[in-house]
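Worksheet for the structure shown next.
Start at 1 and go down the list; that is how both ligands and their atoms are numbered.
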Amino acid sequence: MSTPGNPSIRIGTGYDVHRLVEGRDLVLGGVHIPFEKGTLGHSDGDALTHAIADAILGALVLGDIGQHFPDTDPEYEGVYSIDLLKHVAGLIQKKGYLVSNIDATLVLQKPKVKGFLPEMRQKLADALGVGFEQVSVKATTTEGLGMTGQGDAVAAQAVCLLTTAH
Ligand code: MG
């Protein structure tokens, strides 16, 4: 039941950008994607997983992933971001909510990631303990324009809807 301090549904949005550089692996939605460049970051630089984690934290009004997993903390150096998302899944449960659904969009020019989207959805769903049909991941380009279009960065945005567990 919805009460003033405990609404029955909560929505959150997340956005993240990571620079694409040589000498790094490209990991998006927990999936290693073969490419000549990878995302720079203190963690594995998984912008998609970060955007989703931020959407959830936003819905829970628990700040952002920078606060939960500081990039100054050696513990998170090179961390597989799916493991961070698993921690965030625990916070959802702790607050008495369930994931209704997540919708996310990856923004990058290259490489083509369409063939990897089902695997990303499965990895993200597994990390959150939800079904494949509750996690949508799409990909788009910016038609050669701007930081993502020029191949300088990968961006991701996400929205999530949480519902009360009871
Ligand atoms: Mg990030």
Side-chain angles (χ1 to χ4, degrees), residues 10-92 95 99 101-114 116-117 119-130 134-142 145-162:
R10 285 183 172 273
I11 194 165
T13 71
Y15 178 70
D16 197 23
V17 175
H18 280 263
R19 194 183 289 268
L20 267 176
V21 296
E22 284 172 10
R24 289 273 301 185
D25 288 338
L26 182 61
V27 180
L28 294 169
V31 179
H32 283 80
I33 296 163
F35 191 49
E36 68 220 31
K37 290 179 176 179
T39 45
L40 188 62
H42 182 68
S43 66
D44 61 359
D46 185 342
L48 174 61
T49 301
H50 293 178
I52 290 171
D54 258 351
I56 295 166
L57 290 171
L60 294 171
V61 198
L62 286 177
D64 59 46
I65 57 168
Q67 290 167 247
H68 289 263
F69 315 106
D71 64 8
T72 49
D73 189 334
E75 191 186 335
Y76 303 121
E77 194 172 346
V79 73
Y80 184 46
S81 295
I82 287 287
D83 290 337
L84 305 183
L85 190 62
K86 285 179 186 167
H87 177 83
V88 170
L91 298 176
I92 301 172
K95 283 268 195 172
V99 172
N101 76 301
I102 285 166
D103 183 27
T105 304
L106 263 172
V107 187
L108 76 173
Q109 198 70 33
K110 279 198 288 187
K112 293 294 172 207
V113 294
K114 198 179 166 196
F116 295 96
L117 299 181
E119 196 181 341
M120 292 180 198
R121 288 174 59 198
Q122 191 64 61
K123 279 204 191 306
L124 293 161
D126 288 349
L128 292 167
V130 302
Q134 287 169 275
V135 182
S136 159
V137 179
K138 312 181 300 299
T140 189
T141 71
T142 47
L145 298 168
M147 61 181 177
T148 53
Q150 295 294 309
D152 295 324
V154 173
Q157 61 180 25
V159 60
C160 82
L161 189 71
L162 306 179

Minimal heavy-atom distance between A127 and L85, with the atoms involved, is CB-CD2, 4.0 Å
Can we say D83 and K86 salt-bridge, meaning some charged N sits less than 4.0 Å from an Asp/Glu carboxylate O? yes
Parallel, tilted or perpendicular: which describes the rings of Y76 and F69, with under 30° parallel and over 60° perpendicular? perpendicular
Determine, stepwise, if the pair H42 / D71 fulfils side-chain hydrogen bond (donor to acceptor under 3.5 Å, both in side chains). CA-CA 6 Å; H42 182 68; D71 64 8; over 6 Å; no
One checks the Mg ion (ligand 1) and counts protein N, O or S atoms under 2.8 Å, reaching 3
Do other residues, nucleotides or ligands put more than 12 heavy atoms under 6.0 Å from R24 CZ? yes
Using the side-chain hydrogen bond (donor to acceptor under 3.5 Å, both in side chains) rule, pick out the option among K138, Q134, Q157 that qualifies with D103. K138
